[in-house]
Amino acid sequence: MSALTFKMKQRPDQRVDLSCLTPDRLAGMRSKDIEALHIGTTRSKLCVGDLFKVSGDETSQIRFVGTDDRCDHIGARFGEGEVLVDGDAGAYLGASLKGGTLTLKGDAGPYAGAAMSGGTLDIGGNAGERAGGVLVGEVHGMRGGRLIIRGNAGPMLAERMRRGIITVCGDADDYAGARVVAGTIVFLGKVGRFAGYGSKRGTLIFKKEPKEILPTFADCGVIEFTYLKLLERHLKEHDVKLRLPRRAQRLMGDMAAMGKGEMLILR
Amino acid sequence: MTDIKRKGVNIVDTFAEAFPMVGTRVVVTAPTAEWAEIAARTMTGFATSVIACGAEAGIERKLSRDETYDGRPGVSVLLFTMDKDKLQKQLRNRVGQCILTCPGTACYAGIPGKPSLKLGSSLRFFGDGWQMSKVIEGRRFWRIPVMDGEFVCEEKTGYTKDAVGGGNFLVLGKSHEGVLKACTRAVKAMSQMPDIITPFPGGIVRSGSKVGSKYKGQIASTNDAYCPTLKGAVDSELPLDVEAVMEIVIDGLRPRPSPPP
């Protein structure tokens with residue numbers, strides 16, 4: 001049995017909603033039925049078979065080839081299995097992801113991994129705004145799992161995050177970790193303004209010292225953290241090669257909110 | 001009576017004590033192997049017998065940096081009691097008073113999954129609201145602020161209801177020196193085995209007991225049948241030329257021996 005593969009024939013003339021093409025929802029379906037699924041978002045009808053050449057039959061392993069930034073909701077809400085995207089993705093990639101592994105080779109649009117609660121979302125390129133953030137109508141952002149962004153992250157990364165670990169290998173834009181309730185974000189590159197704005201708890205770890213730190217974060221000095229070794233081991237298991245030193249400067253904040261969050265600037 | 005004779009030693013198959021127990025394992029790490037051992041020895045101090053110590057505990061083995069969760073030197077500790085509630089109380093008190101207090105240490109689960117005992121989930125309150133929890137790969141760790149930085153402690157550790165404890169070997173000899181030497185070598189050999197501890201001083205007991213006493217309120221008293229000084233006065237089990245008897249008590253997590261690591 002080979003992975004169920006969706007190879008895009010041409011760029012769609014409308015945004016498409018691919019939330020129906022997940023291991024959970026395709027389990028037990030015949031190829032003909034899959035091709036008939038409606039994925040359009042306008043009044044003009046668009047089915048899977050119109051946009052993709054479908055091959056393979058292993059629904060627990062799904063592969064998208066040649067997708068672009070009009071393909072929204074790829075891998076949204078699924079709970080187990082494996083999805084590999086060889087291309088770019090539109091908005092809501094892996095939004096509300098519950099488990100399994102979702103790997104994107106290209107760039108992702110806004111809301112990637114928003115409100116996800118489990119599993120691993122690995123973005124090979126850049127992520128748009130509000131990755132790991134909060135979806136409309138929800139109280140919290142990311143609630144668990146691992147989000148790895150190997151490129152740059154857009155603004156408002158991890159807004160109202162509640163649990164889980166986010167790693168940004170490139171740079172992060174403004175308001176990264178804003179209003180975080182708990183969880184961990186590791187920044188390996190540069191970070192924009194207002195990082196950690198309004199955060200209650202949670203940990204923001206910086207490999208490079210941010211240029212601007214909010215005045216509502218209180219300096220606690222340089223201290224040794226055993227916890228960083230646990231985190232390093234975890235990141236290594238997910239192919240993020242990073243040697244975390246044991247010592248870090250700790251700043252607590254945001255004192256304008258609850259003030260029990262922290263920034264750890266690695267030394 | 002003699003079942004086996006090996007290198008001049010008679011091995012007699014009489015009986016082996018075996019009490020059902022509950023047992024758990026925790027892994028203690030520290031900045032150096034010396035401090036990991038200090039922490040573990042303190043935690044397993046005064047834990048020879050459940051009769052009066054509340055628990056039986058000991059060091060299972062030392063762990064290298066590659067074997068521990070945080071990449072620091074560590075020690076794996078086993079703790080046994082007769083029921084779960086006592087085990088929970090002993091674990092909390094011993095980790096709270098001996099590991100939390102020891103410079104640079106961290107404490108992790110030594111048995112994964114359920115059934116489980118509270119570890120960091122009760123000790124976290126020492127943080128007085130400043131403690132933070134972190135979930136990594138489904139395991140929750142508590143970071144408790146202390147005067148030397150942070151005490152990292154896993155929320156829970158598993159335990160087993162299949163543990164077994166009891167005095168398994170009585171070593172009889174013609175001289176005290178010889179018996180002590182034989183027992184020391186035996187305990188050293190046993191220390192290589194996984195899942196077991198020998199909780200008594202150096203792994204050896206010189207005061208084996210029988211149940212009851214002539215005195216009211218004394219639940220255990222000297223095992224007179226094996227006391228060499230009483231050979232002529234009691235119904236002794238000892239040949240006349242035996243000068244000393246020592247006992248090796250073993251507590252194990254499993255009723256069957258585990259393969260060597």
Side-chain angles (χ1 to χ4, degrees), chain A residues 99 117-120 142-146 161-167 180-186 199-205 218 220-238 240 243-250 252-253 258-264 267, chain B residues 26-32 35-36 39 63-75 95 99-100 102-109 112 119-120 123-125 127-156:
Chain A
S117 57
T120 302
M142 184 173 168
R143 271 159 254 178
R146 294 155 292 276
M161 180 186 183
R162 174 77 179 79
R163 197 178 294 129
I165 299 173
I166 298 178
T167 309
V180 157
V181 181
T184 303
I185 313 169
V186 184
S199 62
K200 291 182 175 177
R201 294 181 187 268
T203 303
L204 276 60
I205 298 173
C220 302
V222 177
I223 305 142
E224 226 177 82
F225 291 94
T226 305
Y227 157 68
L228 291 174
K229 281 285 164 198
L230 308 186
L231 191 64
E232 181 184 290
R233 181 189 166 125
H234 166 78
L235 294 175
K236 206 172 170 184
E237 280 169 13
H238 290 276
V240 178
R243 192 166 173 81
L244 291 174
R246 293 276 301 282
R247 288 165 66 77
Q249 181 186 0
R250 185 178 205 234
M252 286 191 74
M258 188 193 253
K260 289 191 175 174
E262 64 178 354
M263 287 184 181
L264 300 180
R267 295 290 169 181
Chain B
V26 291
V27 171
V28 179
T29 67
T32 64
W35 275 104
L63 302 169
S64 69
R65 289 174 189 271
D66 300 334
E67 294 173 293
T68 61
Y69 199 64
D70 61 15
R72 304 190 301 166
V75 173
V95 175
I99 307 299
L100 168 66
C102 185
T105 55
C107 190
Y108 305 102
L119 194 59
L123 295 172
R124 70 187 159 115
F125 295 111
D128 201 23
W130 297 106
Q131 69 274 17
M132 291 181 99
S133 96
K134 291 289 166 194
V135 180
I136 298 176
E137 299 290 342
R139 295 166 68 173
R140 184 182 291 277
F141 300 91
W142 285 98
R143 296 168 53 197
I144 302 165
V146 284
M147 293 197 315
D148 79 340
E150 269 186 351
F151 173 56
V152 174
C153 190
E154 191 159 354
E155 175 160 88
K156 288 176 181 175

How long is the span from the [atom1] atom in [X] to the [atom2] atom in [Y], to the nearest 0.5 Å?
| X | Y | atom1 | atom2 | result |
| --- | --- | --- | --- | --- |
| Arg65(B) | Lys229(A) | CZ | NZ | 9.0 Å |
| Asp70(B) | Glu232(A) | CG | CD | 11.0 Å |
| Tyr108(B) | Thr226(A) | OH | OG1 | 6.0 Å |
| Thr184(A) | Met132(B) | OG1 | CE | 7.5 Å |
| Lys134(B) | Leu230(A) | NZ | CG | 11.5 Å |

Open item on the list: So for Ile223(A), is it side chain, backbone, both, or neither that comes closer than 4.5 Å to the heavy atoms of chain B?
Closed with: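 Just its side chain gets close to chain B.
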
**Item:** Proximal component of Glu237(A), with respect to chain B [non-hydrogen, under 4.5 Å]
**Value:**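 It is the side chain, since no backbone atom gets that close.
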
Does any backbone or side-chain atom of [X] lie under 4.5 Å from a heavy atom of chain A? Answer side chain, backbone, both or neither.
| X | result |
| --- | --- |
| Arg72(B) | side chain |
| Thr68(B) | backbone |
| Val152(B) | side chain |
| Phe141(B) | side chain |

Checklist line | His238(A) and Glu137(B), any side-chain heavy atoms less than 4.5 Å apart | finding: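 Answer yes - side chains close enough.
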
Point to revise | Option that, when pairs with chain B are counted at under 4.5 Å, heavy atom only, ranks first among Ile165(A), Thr203(A), Leu231(A), Leu228(A) | key: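 With the most close heavy-atom pairs to chain B, the winner is Thr203(A).
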
For chain A, the option from Pro31(B), Gly104(B), Ala106(B), Gly129(B) that forms the most heavy-atom pairs under 4.5 Å |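 Looking at each option in turn, the highest pair count goes to Gly129(B).
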
| said: With a sphere of 6.0 Å drawn around NZ of Lys260(A), does it hold more than 12 non-hydrogen atoms of other residues, nucleotides or ligands? | reply: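 Enclosed.
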
